[in-house]
Protein chains: 2
Amino acid sequence: MSKVTIYDISKKLNISAATVSRALNNNPKISPKTRELVLKTAAEMNYEQNTLALALKSGKSNTVGILVPYVDRNFFSSVIRGIEEELYPHGYHVIICQTRDDAQSEVQNINTLLNAQVDGIFMSVSKTTKDTSHIDRVLQKKIPLVFFDRKKNIPGVSSVTIDDLNGAYMSVEHLIRQGCKQIAHFMGDINLEIYKNRYNGYLKALTDYNLPFNKDYVIRTNSKAESGTAAVKKLMRLPSPPDAIFSSSDFTALGAIQELKKNGIRVPEDICISGFSNEPFTQYTDPTMTTVDQTPIKMGKMAAQVFLEQMGGEISVALEKKVVLSPQLVVRDSTNRSMG
Amino acid sequence: MSKVTIYDISKKLNISAATVSRALNNNPKISPKTRELVLKTAAEMNYEQNTLALALKSGKSNTVGILVPYVDRNFFSSVIRGIEEELYPHGYHVIICQTRDDAQSEVQNINTLLNAQVDGIFMSVSKTTKDTSHIDRVLQKKIPLVFFDRKKNIPGVSSVTIDDLNGAYMSVEHLIRQGCKQIAHFMGDINLEIYKNRYNGYLKALTDYNLPFNKDYVIRTNSKAESGTAAVKKLMRLPSPPDAIFSSSDFTALGAIQELKKNGIRVPEDICISGFSNEPFTQYTDPTMTTVDQTPIKMGKMAAQVFLEQMGGEISVALEKKVVLSPQLVVRDSTNRSMG
DNA sequence: TTGTATGCGTTATCAT
DNA sequence: ATGATAACGCATACAA
């Protein structure tokens, strides 16, 4: 059968279960002889430790929960990969929960994770989350919590994000160096920190390089390709259309490229376009798309490391660590005027 | 504090823990009065059931494990999404493990999942897996196991796959209806069932439509774009080059398209190309790519349903269910000759 | 060095 | 209808 316990081993060997337990856990207080014997018979009997009993006993489940809007978005699944790869060697399991960007689902998932006695929680906050009492509950229980990408500013909670402002700045700077002087921006929902920061990075680059700010060049978009085609139409109707677009999203940048090509406007010759996120498809568009890589796997690994630190330290000390990763500018053909 | 147990409630109410437990579980053998009372105070005290204790007691963890090569591959993360969404309403958690296509890692992960007392295991078998003793161990423990996409033929194990042969057949049939008569094939590793089936679907369509088979038109490729560029070069050097390519992979199809465009050969006017998998990027290539959708979310949902059925039935009956999903042909511009 | 006893939180069995 | 108790499998404080 399948359920061999330390008690079974103890019976077979005529010793106590406690001794078996000690042998199995390399407890120093045991004779080498019996230790060897126990280990051998345990192997023979195909003994496997019951993680559940251990978890109940120790209060430690060796499991962490990850909350993301959707697992099948490339960015999130890459972060998950990072977390899993960093935590697996430490014996942790990874439970995945999807919030579908729904605040209520987020609360529910937090609750079930708490019930499941996870040792830590990683989350990218849902778009619609306003109330944070469920997060407070996590903190009350002293469960390490790490935000990634989308965070709330809550004292005592660590987070791993990327420097969106700088990512935007690098992009715009790159466009300027390509000779562009009239740079437009596709702006996301600035209620979200990340988009506000990208917008600010755009502004900062313009300022630093003494380029004038033109409010007609800033178009509010969502993250769909259609939004990009609409935005670029608006731009091209301007008396003085831009010679570059810095988009806060790869998808809107794609929509723009498609619309421009349809109208015979060349990218990058007539107008340079850069996106944001380094979605896998950006390397396959025509032309290939310049974008900003958010290093999601690294983000996951960092988040995991922050968690491990937290676990290693004093239980009662909720150290708050804010890690800000540097994004990576990926230059491709959509902004490359030296192609020839 | 955070740890309020049924015992705490029982003390406060001067009743036994057993009664509290019964009240909480809607046990009929209890008076409505005390039931209400317990429920109310439980709510007041913020009682939450300890899932771990329950799991230890019942032997049921309400957790399933999913093994995939990499979580951040679109296909796999989509399957995971399907499984999660189907199982969440039933109270199951989902643990993710990555095998990195390494047989040894697969064995290890199976072991730890077994230790964690998961109630079921979903897996897409690693490419390198030969020995299946770890899988036998799962069966011995009567843990429901469901293969998806990549399976091994093991008696008693259910699986959910797609009808690759038919997907290939539909693709080639479509090419024929576009007027193509000399159809080449990029063939994957036929040690894997899926590629063998796609190849057979290709052959069947040729036969059914009375097109001659030309062995020079079948090129062995791996799933990289470079492999596709190399393959198409070879094809175009033939005395009579093909007028269509059915590729077993989106990536090789992409490489082919890129190479052809570079040489001024038009897609689809001069040659039609179709891929396989409906990778997200296929809708953004130029031209957009015709491909076969493997309905991964649906695959996940089906796998979950098979598991739930298994759980619902008799414990000792390992019913073996083979679900074969119909793939979806997605027609786009790379094969569309009526575009004008 | 080893054994005994206890508890982690719950539910099920057997009384009452 | 309710209470006392055992059991799930393990680890540890204490006793020997």
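Contact annotation: Asn27(A) side-chain N/O to dT12(D) OP1/OP2 distance is not under 4.0 Å. Contact annotation: Gln49(B) reaches the phosphate of dT11(C) (side-chain N/O to OP1 or OP2, under 4.0 Å). At dC8(C), none of the side-chain N or O atoms of Asn50(B) fall inside 4.0 Å of OP1 or OP2 (strictly under the cut-off). Applying the 4.0 Å criterion to OP1 and OP2 of dA1(D), one finds that Thr34(B) has every side-chain N and O outside that range. Between Ser21(B) and dT11(C) there is a side-chain N or O to OP1 or OP2 distance below 4.0 Å. Neither OP1 nor OP2 of dC8(C) sits under 4.0 Å from any side-chain N or O of Thr5(B). The side chain of Tyr47(A) places an N or O atom within less than 4.0 Å of a non-bridging phosphate oxygen (OP1 or OP2) of dC10(D). Listed pair Thr19(B) / dA1(D) fails the phosphate criterion, with no side-chain N or O lying under 4.0 Å from OP1 or OP2.
As a whole-Å value, the separation of Asn25(A) CG from dG9(D) P is 17 Å. Look at NZ on Lys11(A): it is 15 Å from P on dT4(C), rounded to the nearest Å. As rounded to whole Å, 9 Å separates atom P of dC10(D) from atom CG of Asp8(A). Whole-Å rounding puts the Asn26(A) CG to dT12(D) C1' distance at 16 Å. Atom CD1 in Ile9(A) sits roughly 12 Å away from atom C1' in dC10(D) (whole-Å rounding). Computed from coordinates, the Leu54(B) CG to dA12(C) P distance equals 9 Å when rounded to whole Å. Following rounding to the nearest Å, Leu52(B) (CG) and dT11(C) (C1') show an atom-to-atom distance of 15 Å. Atom-to-atom, CG of Leu24(B) to P of dT10(C) comes out at 8 Å; the value is rounded to the nearest Å.
Residue-level contact check: Ile6(B) touches the bases, meaning some heavy atom is under 4.0 Å from a base atom. Contact annotation for Leu56(B): base contact, defined as any heavy-atom pair under 4.0 Å involving a base atom. The residue Ile15(B) sits close only to the backbone: its heavy atoms come under 4.0 Å of sugar-phosphate atoms, none of a base. Across all strands shown, Ser58(B) has no heavy atoms under 4.0 Å from either base or sugar-phosphate atoms.
The nucleotide whose nearest atom lies closest to any side-chain atom of Ser31(B) is, among dT2(D), dC10(D), dT11(C), dT2(D). You'll find that the side chain of Lys29(A) is closest to dT1(C), out of dC8(C), dC10(D), dT1(C). Side chain of Ala18(B), nearest nucleotide from dG3(C), dA12(C), dT2(D): dA12(C).
When each of Asp102(B), Asp101(B), Asn109(B) is paired with Ser105(B), the side-chain hydrogen bond (donor to acceptor under 3.5 Å, both in side chains) condition holds for Asn109(B) and for no other. Results of the side-chain contact (heavy atoms from CB on, under 4.5 Å) test with Ser159(B) over Lys322(B), Glu320(B), Arg150(B) single out Lys322(B) as the only residue that passes.
In terms of modelled atom types and a separation under 3.5 Å, the side chain of Thr51(B) and the main chain of Gln117(A) share no donor-acceptor contact.
Using a cut-off of 4.0 Å between Lys/Arg side-chain N and Asp/Glu carboxylate O, Glu36(A) and Lys40(A) are scored as not salt-bridged. In summary, Lys141(A) and Glu48(B) engage in a salt bridge, as defined by a charged side-chain N under 4.0 Å from a carboxylate O.
Remark on DNA chain D: of its neighbouring residues Ala53(A) and Ala17(B), the 5'-side contact belongs to Ala17(B), judged by nearest-heavy-atom nucleotide.
Inspection of the Arg35(A) and Asn26(A) side chains reveals an N or O donor paired with an N or O acceptor under 3.5 Å.
At a cut-off of 3.5 angstrom, the base of dA7(D) holds at least one donor-acceptor pair with the side chain of Lys57(B).
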